[in-house]
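In what follows, every chain begins at residue 1, and chains take the letters A, B, ... in the order their sequences are listed.
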Amino acid sequence: MRGPGRGMRMRRLQPGEGPFLLGVILATAALASVTLLEGQFRQTLLRRTETTFGGALRLERSAPFPAPFLKALRAPSLKEARLVRFPTVVVHGRTTHLVELNATGPDYPVMGTVALRRSRTGRAEHLRRGPGPGHVWVTSELLDALKARMGSKITIGYATFRITGLFDLAPAISSGLSLFAPPLLLNRGDLDRTRLVGTESRIEDFLLVAGRASLLTQLKRKVRAWRPALDVRIVTARETRSRTEGAIRRAERFLNLTITGTLLLSLLALWLSAWDQARLERPEIALLRAWGLRRRALLFLLARRRLLQVGVGLGLGAALGFGLYRAIASLTAVLDPTGGLAAHSPWPGLLRSVAMAALLVMAGLVPSWLWILETSPLENFRPGSSGTPASVRRRVLWGGLALLTSYGLWYLLGGGASLRYTASGLGVLVGTAGFALLLLAGLRHLASRGPVDLGWVLASLNRRSVLLSCTLGSLTLVVCLVTFLLGARTSLFAGYQEMFSTKTPNWFVIGIEPGEQRKLAALLAHHHLEPAPFAPLYIARWVALDGKTLDPARIANPRERFWALHDQSVSATPVLPAGDRIETGRFWRRGSLRREASLVRGFARASGIGLGARLTYRIAGREFTVRVTSLRHVRWDRMTPNFFVDVTPRAVRGLPHTEITSLRAPPSARGWLALLPRRFPGVSTVDLDQIIRELRRVLTRASEAVSVLLATTLLAALLLAYLVVAVTREERARELTLFRTLGVRRARVWVWLLLEFGLLGLFSGILGSTAAWALGAFEARSLLHLRFHPDWQILGLAPVLTTGLTLALGLLAMAPSLWRARSGYWRSLRAFQEL
Amino acid sequence: MSYGYPASGGPIEILREIDLAIESGSSWGLLGVSGAGKTTLMALLAGLELPQAGSVRLMGRDLGTLSDDERADLRLQSVGFVFQTFHLLASLTALENVLFPLRLRRLPDAAERARTALAAVGLERRLHHRPAALSGGEQQRVALARAFAGSPRVLFADEPTGHLDSGNAERVADLLFALNAEQGSTLILATHDRRLVARCRSCAVLEDGCLRVGEAVT
Ligand SMILES: Nc1ncnc2c1ncn2[C@@H]1O[C@H](COP(=O)(O)OP(=O)(O)OP(=O)(O)O)[C@@H](O)[C@H]1O
Ligand SMILES: [Mg+2]
């Protein structure tokens, strides 16, 4: 056994081994780089969210946390900061204003920074602390509303403070969108001086936490142990409702889809190259079997022979993937300076992708080896004369199962792709395979009739039904995925564009007295500003559900209790607000006389309110009841006033309210708008530009990430397409030379070759384009949370491009053989030994 | 003419200054030990390869002056070649293999001819089998049928009976010589089988790259 074994290991690379090695390297590289990039982007995005959120985790309670509780939670390497929040009134001279007071301790913030300006026009500094004793920081809106200036003294409760900073964004502070009560930052040490907080005071107590994931899990467990007695909510950055959420989640899903696609393509590429490799070894294995080598020994031999090659391929691939990842990451500046690359170790991702690649190569090689070993030597010397033995079929089935299991493992290990995406991918694959088989039947029928050229091309195409199905299926998958991702990317960006379009409102005007609405509208029109439709805003307290009075102390659902304890913004509208979508139920007709309500679905679900529930609210001592008749989906990122609860105008007729609107104002109008509160007492203006800018930063990163990953997927797709075409190259090359010896002109041989590859490309292009459209039409909404606008240009171009691509790749794959044949086809024909 | 296979250390000389003329319509047998260069000489005569020195004329045309495509046309229209290793198209059935060159020539009765040719070599029951499902001898006979089905003016047969039992070999030989006699096609044979060569009108032996023409056949 040693003899042949050593001989087999010592020989040089044989035809087919080069591409195999290349395939392993490139597929591993694609896998590794995508895994790493994906991890990086996910971290970056999460970090962004966490920074705005103020921590990785937030504990919330509608009353102060008891000291023993806080003490129990403390852990040495966990960063914690307490934040106490309650609404109160500030006084400046004769002006008063409702604010949302945020008292920060010395540890604040645990994540992110406060962007603080010392003067209205000054540049923002980024500070990792809150205000010092005796100081308060406010938003410029509040400064205006109070008619105060920097350094002014204001009174809160029994204490006086000096305004020393203007902040635009601060971690964990709701950023300017709390419409009535702008936020204010104050040192927690000053809280006692205000004498506003007693033991029974209604405050929101927050504990912002950051630290290692394992510590956070531990913390959650501790909190749960306390929960029956204390009503503590655990909120993670991911769960927060932020205006960025929808967009980020879409980007994340797109990333998921892209990684699944790349995974699937790399998987196929690896498997295919391994399978092709094993196929080329068939005569050699058969010979060794015929010489009397035992099956097990031969399997061992084969594995040993490939070990080095696969090892080298995986190693080089991982290195290449890592290099690619670093290059792309730094080129596109997608790294977050506040804690991206340094905090993100590449090892787990690298190891995971290498393990996966190794599994896949083996999944391609071993079944093929088994197949060959199980087949009799005679059969192996003359392949194609009979079918697959049942034992092999069984083993291949096991191999397939192993592959699926390994995929499942990958998924469990945090590869990120959900089963749902995989299911749709597999569905497309199976569908196209079926279609390919159908096509095959048609080809067989045609091949016997048409002219000889077409006849040969068709005969050549359907030389092996399994091969053709594989080829078509893989190419189709390539086209489908790339087309779909390109289309989805367009849709995704269209969504962003809409968000940052020149029409997106960047100012909110709130607190408009109904009587002043007309005057304000006229003034805005005079300045060529076009406000969104005015929406009425009722501050209501939820008092009863289905006729039963709510007793906050006895409500189990924390969300429900939260809303029972807090005032809520309710709006009335005759029609469904633009951009909203009804998910269940029906929205009322204009002029409806019923008392109905439409709730945002997520809010309704979290608060335990279903369709048909009767809600009773109290406004200024008067109660009204509405029935929930629809649940809505709201696009929060549209920057228009949105409300959790909308009711029919009839339900709230005559109740006190104010109006609210949003508008798009050019920078030149900034000063003028800031002065609006002076002309309309009670009105406040909120500048959203800061938030939009922040949002744009995040989304630009996300879209960069998406583009980069798409490019990597394209790489994997190209590789797969090449391998698919290259699988038959030996056979094709032999035929090519034979035709020439038989007396076929050179040009004609070329035409056949091109026709075959062209047809292959065309078929799969059409199939893939159709599949992409189907995927987009049926899945885009559930997968990506976006409306899929089929990009007809891309869908139409896909078959053309695929045809061109297949032609190019086909010729590329054939190039070595064609090159060899150039020196004399007769000699090159002699080089092809009869099997 | 002379020929040598190109190799790294200069060409390996196979044929040395061969001077040969075969009369149209005759039959000519080539003998030689294994590795003598029979196949190589046949390839040169059929225009599959060009000599490094000297020239080859096939049916009055100097192959060296023809373009690659013109030589291809000449082969397609007037030459039949039975390869020693058959070289059938694996994706086509026996019948399709024989049909292939006929359909390339757009012969109206291609199907008819192909069936007749296969029947002539005793394969009428194996029409729809692919090469992989045929024995070596059967494959050889398909290759033979492919070569003569188009009634070529010149038929090259490289070891046409090498894989056949004596009965079948006899039949194939009869067929070849009948074609030669009836259709007047030139038959050029390379073989180890002296009995086959004995039936040729003239013959030669290849030895050390040189041709000894008309060597006595025992
Ligand atoms: N591509 C090649 N490169 C170098 N030498 C070659 C090549 N092809 C054939 N030869 C050599 O040329 C010589 C003649 O080969 P050829 O096939 O013509 O012999 P042959 O007489 O047909 O033998 P056989 O009776 O075994 O078929 C052989 O010695 C062979 O080794
Ligand atoms: Mg020979």
Side-chain angles (χ1 to χ4, degrees), chain A residues 378-387 444 447-465 467-468 728 730-732 734-750 752 756 821-835, chain B residues 3 5-6 39-40 42-44 46-50 67-81 83-93 95-97 99-107 110-111 128-136 139-140 143 146-147 150 152 156:
Chain A
L378 179 68
E379 185 51 47
N380 272 322
F381 282 126
R382 290 156 54 190
S385 51
S386 78
R444 276 222 185 98
S448 50
R449 273 140 240 262
V452 61
D453 303 74
L454 191 66
W456 163 252
V457 170
L458 295 183
S460 171
L461 265 179
N462 91 44
R463 66 187 70 209
R464 276 187 200 100
S465 48
L467 194 68
L468 179 71
T728 48
E730 288 295 307
E731 207 171 325
R732 281 213 172 81
R734 181 171 162 267
E735 285 160 3
L736 227 72
T737 45
L738 180 58
F739 291 147
R740 296 289 286 133
T741 55
L742 282 181
V744 183
R745 278 169 162 253
R746 189 192 303 259
R748 202 165 183 184
V749 174
W750 275 97
W752 291 352
E756 190 180 335
R822 243 172 57 101
S823 58
Y825 41 82
W826 160 245
R827 250 173 292 141
S828 77
L829 181 65
R830 289 201 72 172
F832 291 107
Q833 287 193 358
E834 282 287 329
L835 290 175
Chain B
Y3 184 81
Y5 284 104
T39 303
T40 312
M42 299 269 280
L44 285 164
L48 293 173
E49 194 74 27
L50 290 177
S67 76
D68 204 25
D69 277 340
E70 284 167 329
R71 269 184 284 138
D73 288 343
L74 190 67
R75 274 199 302 278
L76 184 63
Q77 299 299 336
S78 338
V79 175
F81 206 113
F83 297 98
Q84 193 173 2
T85 45
F86 329 136
H87 288 307
L88 297 177
L89 290 163
S91 45
L92 299 183
T93 63
L95 182 62
E96 285 166 342
N97 259 294
L99 256 173
F100 192 72
L102 303 181
R103 287 179 71 190
L104 282 176
R105 285 167 63 185
R106 295 180 203 286
L107 293 181
H128 302 294
H129 287 83
R130 298 210 178 173
L134 297 174
S135 78
Q139 289 184 46
Q140 184 160 46
R146 177 173 70 181
F156 293 90

Out of B/Gly80, B/Pro101, B/Ala110, B/Ala43, which one racks up the most heavy-atom pairs below 4.5 Å with chain A?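 Highest number of pairs under 4.5 Å: B/Ala43.
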What distance separates A/Arg745 CZ from B/Asp73 CG, expressed to the nearest 0.5 Å?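 Answer for the CZ-CG pair, A/Arg745 versus B/Asp73, is 4.0 Å.
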Heavy-atom distances under 4.5 Å only: say whether B/Arg146 touches chain A with side chain, backbone, both or neither.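 The answer is the side chain of B/Arg146.
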For B/Leu92, is it the side chain, the backbone, both, or neither that has a heavy atom closer than 4.5 Å to a heavy atom of chain A?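 Only the side chain of B/Leu92 comes within 4.5 Å of chain A.
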Are the side chains of B/His87 and A/Thr741 in contact, using a 4.5 Å heavy-atom criterion?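 In short, these two side chains do not touch, never coming nearer than 4.5 Å.
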List in chain and number order the residues that pass ring pair (Phe, Tyr, Trp, His ring centres under 6.0 Å) with B/Phe81, two or more places apart in sequence or in another chain; answer none if no residue qualifies.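 B/Phe83, B/Phe156.
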Considering residues at least two apart in sequence or located in another chain, which fulfil the side-chain contact (heavy atoms from CB on, under 4.5 Å) criterion with B/Asp68?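 For B/Asp68, the residues satisfying side-chain contact (heavy atoms from CB on, under 4.5 Å) (neighbours in sequence not counted) are A/Arg740, A/Arg746, A/Tyr825, B/Arg71.
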Side chain, backbone, both or neither: which part of A/Leu742 has an atom under 4.5 Å from a heavy atom of chain B?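 Both parts, heavy atoms under 4.5 Å.
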Taking all non-hydrogen atoms of both residues into account, name the closest pair between A/Gly743 and B/Leu76 and its distance.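 Minimum heavy-atom separation between A/Gly743 and B/Leu76: O-CB, 3.3 Å.
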